[in-house]
Q: 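Pasting in a structure now, in structure tokens, and then I'll have a few things to ask.
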Amino acid sequence: MSITKFLRANWDRVGGGLSIIAGLVTLIVGYQRISGAHPVSAQLPYLISGGLLGIFLLGFGGLLWVSADLRDEWRQLWLIRDALVRLSAEQSASAGAPLAQWLIDINGDEAETSSNGSRRAHASERS
């Protein structure tokens, strides 16, 4: 797998990791600068720039990482749903009755699957 393909597929994980690293570096640099400044008035700019920016970057990185994990979970759920739809369709064809129609029409339209079993995105997912 090439690096561009990896970055394109995992942009949120890479962005989250870089943001967490940048946040940690910002906090460390801010701490070192604030420890060298003795009057409180000289510490405030480092506290605001180093502390708040570092905490923001850590939170943003965590948000991107959780978003990537949720996207993986949804992908797995769609694979399970598509397998259940195919199984239900096969059983319906052999038994002559719809066994689990609610699986086929959860979102108001039938899942389109190709011959290899991968699911194509619905119109609502593409936009």
Side-chain angles (χ1 to χ4, degrees):
M1 176 181 267
S2 69
I3 189 76
T4 56
K5 214 173 196 182
F6 176 78
L7 291 175
R8 191 173 295 154
N10 294 307
W11 64 269
D12 39 6
R13 275 199 180 82
V14 172
L18 290 175
S19 180
I20 288 171
I21 290 170
L24 289 173
V25 167
T26 304
L27 285 175
I28 291 170
V29 169
Y31 173 76
Q32 288 186 351
R33 298 282 179 144
I34 205 169
S35 66
H38 291 294
V40 174
S41 61
Q43 294 176 355
L44 287 176
Y46 297 117
L47 179 66
I48 291 172
S49 64
L52 293 180
L53 180 63
I55 290 173
F56 173 77
L57 286 172
L58 286 174
F60 185 68
L63 179 74
L64 284 176
W65 198 276
V66 168
S67 170
D69 287 344
L70 287 175
R71 187 171 46 121
D72 291 343
E73 292 295 324
W74 277 106
R75 187 179 302 122
Q76 291 297 320
L77 287 173
W78 275 110
L79 290 173
I80 292 169
R81 178 192 176 271
D82 290 343
L84 287 173
V85 166
R86 279 193 304 275
L87 181 65
S88 174
E90 290 171 4
Q91 288 179 351
S92 296
S94 65
L99 294 177
Q101 186 63 31
W102 59 274
L103 281 174
I104 295 174
D105 197 30
I106 291 176
N107 291 328
D109 54 345
E110 189 170 337
E112 299 176 17
T113 55
S114 64
S115 60
N116 64 359
S118 63
R119 185 181 64 83
R120 285 190 271 166
H122 295 287
S124 62
E125 294 176 12
R126 287 185 223 130
S127 57

Q: Can you hop from L18 to L63 via hydrophobic side chains spaced under 4.5 Å?
A: no
Q: P45 and A42: which non-hydrogen atoms are nearest, and at how many Å?
A: CD-O, 3.6 Å
Q: Less than 4.5 Å apart, side chain to side chain, heavy atoms only: is that true for R71 and D12?
A: yes
Q: Below 4.5 Å, heavy atoms only, C-beta onward: do L27 and L58 meet side chain to side chain?
A: yes
Q: Would L77 and L70 show up in the same hydrophobic cluster when neighbours are defined by side-chain heavy atoms closer than 4.5 Å?
A: no
Q: Would you find a donor on one side and an acceptor on the other, under 3.5 Å apart, between the side chain of S88 and the backbone of L84?
A: no
Q: Say whether I20 and V66 are linked into one hydrophobic cluster, either directly or through other cluster members, by side-chain heavy-atom distances under 4.5 angstrom.
A: no
Q: Can you see which heavy atom on H38 is nearest to which on Q43, and at what distance?
A: O-NE2, 3.8 Å
Q: Hey, quick one: are Y46 and L44 part of the same hydrophobic cluster, counting side-chain heavy atoms closer than 4.5 Å, chains of contacts allowed?
A: yes
Q: With rounding to the nearest 0.5 angstrom, report the CZ to CG distance, R13 to D72.
A: 4.5 Å
Q: Say whether, by atom type as modelled, one donor and one acceptor occur between the side chain of S19 and the main chain of F60 under 3.5 angstrom.
A: no
